[in-house]
Amino acid sequence: MTKPQAYIKDLNEFVGKEVTLKGWLYNKRSSGKVKFLILRDGTGLLQCIVFKGNVSEEVFETADSLAQEASFEVTGLVKEEKRAPGGFELDATDVKLIAASVDYPISPKDHGIEFLMDHRHLWLRSKRQAAILRIRHRIIKAMRDFFDDRGFTLFDPPILTPNACEGTSTLFETEYFDLGSAFLTQSGQLYAEAGALALGKVYTFGPTFRAEKSKTRRHLTEFWMVEPEMAFFDLDDDMDLAEEFLEYVIQTVITERKSDLDDLERDTTLLEQVKRPFPRITYEEAVKILHEKGVDFKYGDDFGAADETIISDHFQKPVMVHRWPAETKAFYMKRDENNPNLALGVDVLAPEGYGEVIGGSQREDNLDLLIERIKEHNLPQEYFEWYLDLRRYGSVPHSGFGLGLERTVAWICGLDHIRETIPFPRMIYRNTP
RNA sequence: UCCGCGAUAGCUCAAUGGUAGAGCAUUCGGCUGUUAACCGAAGGGUUGUAGGUUCGAGUCCUACUCGCGGAGCCA
């Protein structure tokens with residue numbers, strides 16, 4: 001048997017028993033005839049005590065020789081111990097080296113971001129990065145559970161696409177055999193619409209790509225998006241779903257991953273308040289808020305990062321901004337029947353300066369109007385014929401939204417940069433390791 | 001693409017234009033309860049690249065490279 005008898009997270013079930021654990025040396029302290037080995041096993045950290053009088057000379061030498069991140073197994077008695085972080089300790093009776101680690105580059109003191117990103121494959125072993133990745137995993141599970149439990153079908157759109165989905169962003173381009181160029185998808189939405197008209201309620205969950213030369217703390221070139229799309233949903237139904245979704249995900253994660261959030265020293269006071277209903281304001285009302293705060297903002301422009309922060313700080317909860325000037329929005333958005341200059345789109349702005357985490361809309365379901373929009377945006381109609389078919393054969397009102405996973409992880413974890421939210425971030429000046 | 005800042009030991013950072021230093025990491029020694037342990041010692045440098053000013057450049061000037069922060073674009 002090579003797998004460990006127990007994992008650190010389950011040690012409360014082993015108090016008073018002798019177990020063998022396996023992992024890596026996180027840190028080591030010593031005081032003459034006693035060694036303190038900090039074991040890391042992927043589920044937590046555990047201090048293992050090696051007293052010279054309790055073990056053989058050989059075992060004590062082995063404990064002494066372990067370097068940072070050496071892999072080893074340790075056998076001993078599990079004890080409750082108030083002085084130890086986590087509340088448990090292991091009184092070691094045996095220590096065996098599995099494999100050495102020579103000159104591990106990431107020492108316990110400070111490091112710069114460039115060095116850490118160069119060693120991202122090793123940085124992931126740190127307590128902080130492991131906590132973030134466990135939270136990311138729990139967020140993804142909560143999202144899938146939410147849709148799975150509400151009659152949605154997972155619908156995987158293609159990643160290689162023949163055209164720009166929205167015609168606005170710069171995309172990564174690649175040769176595709178004899179068929180010319182293909183592009184890495186920037187959104188699965190148009191395909192999800194086909195899914196919604198086939199299956200009723202679907203969601204996509206996968207990577208998306210933007211070749212924009214964005215250089216900010218909120219952008220990656222490769223990021224994950226979850227995009228529900230629902231037949232017979234109007235914009236209000238869409239907003240109802242978005243706020244129920246955010247409430248479920250956040251309340252689940254702050255309950256289930258509390259210890260990881262504590263390790264990140266995340267103050268969850270504002271996250272606990274993320275409960276329905278969220279404020280819903282029109283674009284026009286949002287502009288009014290900016291003007292009242294003395295911001296020089298022109299009606300019709302899109303909000304910048306600073307503007308979003310001012311609007312969300314006004315509420316201390318996620319705020320839904322709907323009914324935008326149509327010129328700034330994508331071609332597929334339906335117009336407001338009461339004012340055709342407005343698009344039935346909604347952006348959800350997260351509090352604490354995290355900005356837009358959700359963008360959604362009711363889609364244009366009228367064939368003639370959609371063709372008109374494609375022409376207005378100078379898009380090649382031949383690429384959209386399949387999309388227009390969705391309006392030719394039993395068109396229905398439908399809506400959906402897209403949520404940026406990494407921005408949500410950054411928000412929940414309270415991170416100041418999106419690059420720590422994904423194992424190997426892809427940014428404008430970095431595609432390694 | 002634009003604006004701003006930066007690059008010195010493996011890492012994080014010091015160093016009036018005048019002999020390049022500290023902490024961590026590594027190696028050796030000490031300590032039976034340490035919490036980024038502590039105490040003592042040792043090894044470790046083409047100061048990002050190229051050029052210029054000067055008796056003398058890590059320091060001043062020019063260009064370039066790379067990185068960081070922000071803007072725009074967006075999730």
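Just so we're on the same page: letters track the sequence lines, and every chain starts at 1.
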Output the single nucleotide from B:A75, B:G67, B:U32 whose closest atom is nearest the side chain of A:Ser31.
B:U32
Of the listed nucleotides B:U26, B:U12, B:C73, the one nearest the side chain of A:Phe115
B:U12
In terms of side-chain heavy atoms of A:Arg210, which of B:A71, B:C74, B:G33 is nearest?
B:C74
For nucleotides B:G23 and B:A15, find the distance between their C1' atoms and express it as a whole number of Å.
15 Å
If I pick the P atom on B:G40 and the same atom on B:C31, what distance separates them, to the nearest angstrom?
16 Å
Please assess A:Arg430 against A:Asp118 for the test salt bridge (Lys or Arg N to Asp or Glu O under 4.0 Å), listing each intermediate value before the final yes or no.
CA-CA 9 Å; A:Arg430 174 178 292 280; A:Asp118 283 344; 2.9 Å; yes
Ignoring the backbone of A:Pro108, work out which of B:C74, B:G33, B:A25 is nearest its side chain.
B:A25
How are the rings of A:Phe172 and A:Phe209 set relative to one another: parallel (under 30°), tilted (30 to 60°) or perpendicular (over 60°)?
perpendicular
For the C1' atoms, the ones on B:A9 and on B:U1, what distance do you get once it is rounded to whole angstrom?
37 Å
Between A:Asp347 and A:Tyr283, a side-chain donor and acceptor under 3.5 Å:
no
Please evaluate the base of B:C11 for a donor-acceptor partner in the side chain of A:His111 within a cut-off of under 3.5 Å?
no
For the side chain of A:Ser107 and the base of B:C11, is some donor closer than 3.5 Å to an acceptor across the two?
no
Take the protein atom NE2 of A:His219 and the nucleotide atom P of B:G72, then report the distance between them rounded to whole Å.
10 Å
Please state the C1' separation for the pair B:A22 and B:U34 - nearest whole angstrom.
25 Å
Between A:Arg210 and A:Thr208, does any side-chain donor sit less than 3.5 Å from a side-chain acceptor?
no
Any Lys/Arg nitrogen of A:Glu376 or A:Arg373 sitting under 4.0 Å from an Asp/Glu carboxylate oxygen of the other?
yes
Separation of B:G72 atom C1' from A:Lys213 atom NZ, nearest Å, is 14 Å
Tell me yes or no: between the side chains of A:Ser181 and A:Glu173, is some donor less than 3.5 Å from an acceptor?
yes
Between B:G51 and B:A14 - P atom distance, rounded Å
28 Å
Could you tell me the separation between the CZ atom of A:Arg125 and the C1' atom of B:A36, rounded to a whole number of Å?
19 Å
Touch class at under 4.0 angstrom, heavy-atom based, for A:Glu406 against every strand present:
nothing
If we take the P atom in both B:A20 and B:C24, what is their distance in whole Å?
24 Å
Have A:Glu420 and A:Gln129 got a donor and an acceptor in their side chains that come within less than 3.5 Å?
yes
Contact class for A:Ala305 (heavy atom, under 4.0 Å): base, sugar-phosphate, or nothing?
sugar-phosphate
Side chain A:Arg430 and base B:C66 donor-acceptor under 3.5 Å
no
Length of the CD-P vector between A:Gln68 and B:C11, whole Å
15 Å
Below 3.5 Å, does any donor atom in the side chain of A:Thr216 face an acceptor in the base of B:C73, or the other way round?
no
What integer distance in Å separates A:Lys33:NZ from B:G30:P?
9 Å
A:His119 vs B:G10: side-chain N/O to OP1/OP2 distance below 4.0 Å:
no
Tell me: CG of A:Leu171 to C1' of B:C73, nearest whole Å?
13 Å
Sugar-phosphate, base or nothing in reach of A:Leu220, heavy atoms under 4.0 Å:
base
Going by 5.5 Å between centroids and 30° between planes, is there a stack of A:Tyr104 over B:A25?
no
Quick one: is B:U32 close enough that its OP1 or OP2 comes under 4.0 Å of any side-chain N or O from A:Arg29?
no
Taking the side chain of A:Lys215 as its heavy atoms from C-beta onward, which of B:G33, B:G69, B:C73 lies nearest to it?
B:G69
Separation of atom CG in A:Asp301 from atom P in B:A71, rounded to whole Å:
16 Å
Assign A:Thr408 to base, sugar-phosphate, or nothing according to its heavy-atom contacts below 4.0 angstrom with the strands shown.
nothing
Please state the P separation for the pair B:A71 and B:A63 - nearest whole angstrom.
27 Å
Salt-bridge present (A:Arg266, A:Glu352; N to O < 4.0 Å)
yes
Counting Watson-Crick and G-U wobble pairs with both distances under 3.5 Å, what is the dot-bracket string for RNA chain B, 5' to 3', using [ ] for crossing pairs and | for pairs to another strand?
(((((((..((((....[..)))).(((((.......))))).....(((((..]....))))))))))))....
To the nearest Å, give me how far apart CG (A:Leu246) and P (B:A75) are.
15 Å
Output the single nucleotide from B:U34, B:C73, B:G69 whose closest atom is nearest the side chain of A:Glu89.
B:U34
Contact class for A:Phe223 (heavy atom, under 4.0 Å): base, sugar-phosphate, or nothing?
base
Expressed as a whole number of Å, how far does the P atom of B:U59 sit from that of B:U53?
15 Å
Under 4.0 Å, heavy atoms only, any strand: does A:Asn27 hit a base, just the sugar-phosphate, or nothing?
sugar-phosphate
Compare the minimum distances between each of B:G33, B:C66, B:A71 and the side chain of A:Glu114, then state the nucleotide with the smallest one.
B:C66
With a cut-off of 3.5 Å and sequence neighbours excluded, list every side-chain donor-acceptor pair involving residues 137-144 of chain A.
from, atom 1, to, atom 2, distance (Å)
A:Lys141, NZ, A:Asp145, OD2, 3.3

If we count only N and O atoms by modelled type, under 3.5 Å, do the side chains of A:Tyr332 and A:Glu193 hold a donor and an acceptor together?
no
Whether A:Lys52 contacts B:U32 is assessed here as follows: a side-chain N or O lying under 4.0 Å from the phosphate OP1 or OP2. Is that the case?
no
